[in-house]
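First the structure, in the form of structure tokens, and then the observations on it.
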2 protein chains.
Amino acid sequence: MDSKGRILKLATRLFARQGFAGVSLRSIAEGVGISKPSLLYHFPSKDQLREEVLSEVFDHWARRLPSLVRAVTSRAGQSDELMNELVAFFSEDPDRAHLLLREIIDRPDEMRRRIGDSLRPLVMLVAETIRKGQAVGIVQSDVDPEAYALSMIGLTIVHIVAAPVVEPVLASEGGVVANERLQRELYRIANTSLFSAPARAAKPRRERDERDDSAEARPSR
Amino acid sequence: MDSKGRILKLATRLFARQGFAGVSLRSIAEGVGISKPSLLYHFPSKDQLREEVLSEVFDHWARRLPSLVRAVTSRAGQSDELMNELVAFFSEDPDRAHLLLREIIDRPDEMRRRIGDSLRPLVMLVAETIRKGQAVGIVQSDVDPEAYALSMIGLTIVHIVAAPVVEPVLASEGGVVANERLQRELYRIANTSLFSAPARAAKPRRERDERDDSAEARPSR
DNA sequence: CCTACCGATCGGTAGG
DNA sequence: CCTACCGATCGGTAGG
């Protein structure tokens, strides 16, 4: 990988873990094996470096949108699929969740624009699918579609970031790993607060084939 | 208020909003109207200042625990009461949520200890109450008590911090303010993912008096 | 991509 | 509580 790419990669890690103000250009340059002025040859300023780091994260997100869309629209909008995609996106590189959450705290005004643009399409689509589910009766009628979508995204991100920190609170219950318990509960909350009670309650009866086994949440791995 | 108190107060605000590394001792001293060495007379180092800022937040939390306990144990553990207390604690001073979330990202190892100690009592109590509810049948049997409690705390914090940022995504729906929609949905999710379906579904019938109207969530204000 | 260097600002100290 | 000052480090530039 070329220098520019290696700089971006390390900068993403360090910004995510230590924060923009907590990372010096020298430490980034050193980690890549070049001098600070050489770094500034690729990125004219520290702010510009942050800009490109963020752009890359949001580009990844945009590139992921189609599969998220597919997850939402397939199978009459089972929330499993959407949660799987959400968890996968942030799990495969937790720095994304860290960076996003950090920028929301550090630069709320700037993030308001960025998130507005990049999140709206997904939220709108999820909301639309939920409304259809409400019309058919498989989704609870008092769900606020947009607020629900945003809540689940927020819950997913905070789960990724906070899981290692709250682990000791869960650890006393031997057996299952803390992270797995949290993730399972995340899926359960997402499902039970979305789908209508009858559909969930009628499980042993198995009246409606096919859709039955996916109405209950299961982590993907 | 004395200088020490004013320093603590301003430091809390600035650390919460701009992060520990992003705040200089000079800017704090200036805001309080003293010189930097004067600040260092009250707090021997910047790290010591952070330490006391965090201690204060956690002391507030500990002082609040009794009323949280009351909220959990009263009325057979309706989640409304607990969520009200949680939202109130962070809403009355959003800097608490900001600071907490930021420290979780910045210093996960240190926070693991701190959160373990200060959160465990509450989580354990909530979990115990949930298990009782499961025994009686008013709480869904597949709720993971500890994981549920932690998820709701996390969802509350992320709601406080992210609400202003995601507002534009919700704003298109005129009428109700974005924040209120998110809060209402927060309560609804907390309730429907906790209590058994029959208790919620039987609403119009009004078979069981007294507990009926509180089974559905309503923000406190 | 480098060495050499800039002014500004950092946390912290000496001394009163 | 202050003035004066410390070495270290910051982001960034000159010049090659």
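Here is how names work: the chains are called A, B, and so on, in the same order as the sequence lines, proteins then strands, and each is numbered from 1. Basis for what follows: all heavy atoms, side chains included, without hydrogens, waters or symmetry-related copies.
Shown here for A:I189 and A:M152, the closest heavy-atom pair between the two residues is CG2-CE, 4.3 Å.
Base contact: A:S35 has a heavy atom under 4.0 Å from a base atom. Nucleic acid contact for A:V32: none, since no nucleic acid atom lies under 4.0 Å from a heavy atom of the residue.
Taking every side-chain heavy atom of B:K46 into account, C:dG11 is the closest of C:dT13, D:dG11, C:dG11. Among the nucleotides D:dG12, C:dG12, D:dC10, the one closest to any side-chain atom of B:L40 is C:dG12. The side chain of A:P37 lies closest to D:dT13, out of C:dC10, D:dT13, D:dT3.
Here the C1' atom of nucleotide D:dC10 and the CD1 atom of A:I28 are 13 Å apart, to the nearest Å. The CD-P distance, from B:E30 to C:dT9, rounds to 11 Å in whole Å. Protein atom CD of A:Q48 is 15 Å distant from nucleotide atom C1' of D:dG11, rounded to whole Å. In this entry the distance linking CZ of B:R6 with C1' of D:dC1 reads 13 Å, nearest Å. Taking atom CG of A:L39 as the reference point, atom C1' of D:dT13 lies 15 Å away to the nearest angstrom. Rounding to whole angstrom units, CG of residue B:L14 and P of C:dC10 are separated by 13 Å. Separating the CG atom of B:L49 from the C1' atom of C:dG11 is a distance of 12 Å, rounded to the nearest angstrom. In this entry the distance linking CD1 of B:I34 with P of D:dT3 reads 12 Å, nearest Å.
Remark: B:R107 CZ is packed, more than 12 non-hydrogen atoms of other residues, nucleotides or ligands lying under 6.0 Å away.
Within the 4.5 Å cutoff, no side-chain heavy atoms of A:L68 are placed close to those of A:V126. Taking 4.5 Å as the limit, every side-chain heavy atom of B:L182 sits out of range of all side-chain heavy atoms of A:Y148. Inter-residue side-chain proximity for B:E146 and A:V169 is flagged as unmet; no heavy-atom pair is nearer than 4.5 Å.
Regarding contacts with the backbone of C:dC10, a side-chain N or O of B:S24 is found under 4.0 angstrom from either OP1 or OP2. Residue B:R26 has no polar side-chain atom (N or O) positioned under 4.0 Å from OP1 or OP2 of C:dT9.
Under the Watson-Crick or G-U wobble criterion, with both distances below 3.5 Å, D:dG12 is paired with C:dC5.
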